[in-house]
There are 2 protein chains.
Amino acid sequence: MEKKDGKRRDKALSRDQVISAAIAILNESGESGLTFRTLAQRLVTGPGAIYNHVRNKEDLLAAAADVMIQSALSVNRDELAPDAAIRAVALDVFDIIDAHPWVGTELSRAPWQPAMLLIFDRIGANLQALGVPDRAQFHAASTVTNFILGAAAQQAAAIRLHADGAQRATLLSAAARAAIHQDKRSSPFLQRMAGNLTEHDDREQFSAGIDMILRGIRG
Amino acid sequence: MEKKDGKRRDKALSRDQVISAAIAILNESGESGLTFRTLAQRLVTGPGAIYNHVRNKEDLLAAAADVMIQSALSVNRDELAPDAAIRAVALDVFDIIDAHPWVGTELSRAPWQPAMLLIFDRIGANLQALGVPDRAQFHAASTVTNFILGAAAQQAAAIRLHADGAQRATLLSAAARAAIHQDKRSSPFLQRMAGNLTEHDDREQFSAGIDMILRGIRG
DNA sequence: ACCTGAACACCGTTCAAGT
DNA sequence: ACCTGAACACCGTTCAAGT
């Protein structure tokens, strides 16, 4: 990968450049690929220089995730009906995490993260038109957001497992298979769902979850 | 803290002992307090010995979380109506994470984790009695579980912030306050909810979320 | 078979010294 | 004011050597 622009030769290093370089590394190599040393190398500087532009690694990851979510939610959904708009926002988040799992991991690492608040806002913006009473809108938006965060973290973790596991593909991890096959009497529901667990489509499962919650928040 | 039993003097180190010691450290000092060195010190052995009983740190954390969730869900809820039972299971999980935030962080780190499957099973076990059609039960259980995982991760992260931030108490972090106060035009919903964000009760918010989802999965 | 603990290959972060 | 990069204080994990 070449540097994106020529600004570096005159020694001007900016916060945006640092974050962009971090995103590039994260998208190429995942979370484990991003260290202050690899990042400094890409920016042709020393690791200490990065601290002039971000407070620490947590700050860097939060800023990177915010850029990704902003980009994923930049499509205008104003012409959609409120329930379709909420579904669209949720699926936009799902798709960016499916493509870049590190975003999903990061979303639930810090609370009150800009990226998380942006999702919360975009969901909430459609509740009035959906007919949700004013006093219920805060809980409704937080319910949808928490569902998205939980599903995002699971999806990110599942993809991470895929990535370095290679051949197991759609199979559950060994630990889960063990859990399913032990205790046949004490977990009848899990036994009954074993087929769905191994064969379901993650995106369809996510979409169905949003639909159920929408039915519920509508009252 | 003294060792829990006298078994160690005769050199018998078991997987259960390793996991119990790890849980003790996690509950006392949080995730950052648990290293193979501190754990080995508590077990009066070398760090390498631990690898005879757990595969790696990920395996150790998953096993520790499973013990905590099993204990939190060991209360029998069979006498409750199905919706009350689901609410009780969810609040049991919330409360254990409120008391021991590391459990919430761990739950969404690995997919198909025994602890997560246990929650999924306990939720799902009540869906038949709730009148959810067979074909919708998988999605219903996964929706509730994903909501719980998302809320758990947020709650855990918020408590972690509390712990080392000290005085900020019920205040949002500086980053979130900045996000709320900038872009007043582009995030009207967030602006409108600023008061709720700083003053809401986390447990009540969680409980309201469960209620909304229950209304939705009932169809 | 299990323990021991030094060693390996890393981390994030700091800070004196430069420009 | 910002960069540089060595140094600090750690990590998880491995593995020869012991018992």
Side-chain angles (χ1 to χ4, degrees), chain A residues 3 5-23 25-26 28-65 102 105-106 109-110 157 160-161 164-165, chain B residues 3 5-23 25-26 28-65 102 105-106 109-110 157 160-161 164-165:
Chain A
K3 37 203 148 159
D5 49 43
K7 279 180 199 155
R8 206 161 309 107
R9 61 174 59 101
D10 54 291
K11 297 284 182 185
L13 191 60
S14 70
R15 182 171 219 263
D16 282 353
Q17 263 177 66
V18 170
I19 293 164
S20 295
I23 289 173
I25 294 174
L26 287 162
E28 287 163 20
S29 328
E31 282 194 274
S32 66
L34 180 69
T35 72
F36 278 81
R37 285 168 180 81
T38 59
L39 182 53
Q41 191 176 19
R42 182 180 282 253
L43 291 166
V44 198
T45 182
I50 296 164
Y51 286 86
N52 286 310
H53 302 98
V54 299
R55 194 154 35 232
N56 49 38
K57 194 169 188 181
E58 195 182 317
D59 180 33
L60 175 61
L61 283 167
W102 63 269
T105 309
E106 173 51 25
R109 180 146 33 226
R160 209 163 45 227
L161 203 69
D164 49 48
Chain B
K3 39 202 151 163
D5 50 42
K7 280 181 198 156
R8 206 162 309 109
R9 60 176 58 100
D10 54 290
K11 297 285 183 185
L13 191 61
S14 69
R15 181 170 220 263
D16 282 352
Q17 264 177 67
V18 170
I19 292 165
S20 295
I23 289 173
I25 294 174
L26 287 162
E28 287 163 22
S29 327
E31 282 194 276
S32 65
L34 179 69
T35 72
F36 278 81
R37 284 167 180 82
T38 59
L39 182 54
Q41 191 175 18
R42 183 181 280 254
L43 292 167
V44 197
T45 182
I50 296 163
Y51 286 87
N52 286 310
H53 302 98
V54 299
R55 195 156 32 232
N56 50 37
K57 194 169 188 181
E58 195 183 317
D59 181 32
L60 175 61
L61 283 167
W102 64 268
T105 310
E106 173 51 26
R109 181 145 34 224
R160 209 163 45 226
L161 202 69
D164 50 48

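Below, read A as the first sequence line, B as the second, and so on, with proteins coming before strands; counting in each chain starts at 1.
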Could you check how far [atom1] of [X] sits from [atom2] of [N], rounded to whole Å?
X: B:L43; N: C:dC3; atom1: CG; atom2: C1'; answer: 12 Å
X: A:L13; N: C:dT19; atom1: CG; atom2: P; answer: 19 Å
X: A:I50; N: D:dC2; atom1: CD1; atom2: P; answer: 15 Å
X: A:Q41; N: D:dG5; atom1: CD; atom2: P; answer: 12 Å
X: B:R42; N: C:dC3; atom1: CZ; atom2: P; answer: 18 Å
X: A:R15; N: D:dC3; atom1: CZ; atom2: P; answer: 14 Å
X: A:R109; N: C:dG12; atom1: CZ; atom2: C1'; answer: 14 Å

**Message:** Check the phosphate of C:dC2 against B:N52, side-chain N and O only, distance under 4.0 Å to OP1 or OP2. Yes or no?
**Reply:** no
**Prompt:** Given D:dC2, is OP1 or OP2 found less than 4.0 Å from the side-chain N or O atoms of A:H53?
**Reply:** no
**Item:** Side-chain donor/acceptor of A:R160 to backbone N/O of B:R109, under 3.5 Å
**Value:** yes
**Asked** Distance-only, no hydrogens or angles: does the A:H53 side chain make a donor-acceptor pair with backbone N or O of A:L13 under 3.5 Å?
**Response** yes
**Prompt:** Got a second to check how far A:N56's CG is from A:I50's CD1, nearest 0.5 Å?
**Reply:** 12.0 Å
**Message:** The side chain of B:T35 is closest to which nucleotide in this list: C:dG12, D:dG12, C:dC2?
**Reply:** D:dG12
**Asked** Who are the salt bridge (charged side-chain N to carboxylate O under 4.0 Å, His left out) partners of B:E58, not counting sequence neighbours?
**Response** none
**Message:** Any heavy-atom pair between the side chains of A:L26 and A:L61 that's under 4.5 Å?
**Reply:** yes
What are the two closest non-hydrogen atoms of [X] and [Y], and how far apart are they?
X: A:A40; Y: A:G46; result: CB-C, 3.5 Å
X: A:A22; Y: A:L60; result: CB-CD1, 3.8 Å
X: A:I25; Y: A:G33; result: CG2-O, 3.5 Å

**Item:** Test side chain to side chain contact (heavy atoms under 4.5 Å, CB included) applied to B:L34 and B:R42, step by step
**Value:** CA-CA 11 Å; B:L34 179 69; B:R42 183 181 280 254; over 6 Å; no
N/O contacts under 3.5 Å, protein versus nucleotides 13-15 of chain D?
unit_1	atom_1	unit_2	atom_2	d
D:dT13	OP2	B:Y51	OH	2.9
D:dT13	OP2	B:K57	N	3.0
D:dT13	O5'	B:Y51	OH	3.0

**Message:** Both atom distances under 3.5 Å, Watson-Crick or G-U wobble: I'd like the secondary structure of DNA chain C as a dot-bracket string, with | for pairs made across strands.
**Reply:** ||.|||||...|||||.||
**Request:** Identify whether any heavy atom of A:L39 sits under 4.0 Å from a base atom; if not, whether one sits that close to sugar-phosphate; answer base, sugar-phosphate or nothing.
**Result:** nothing
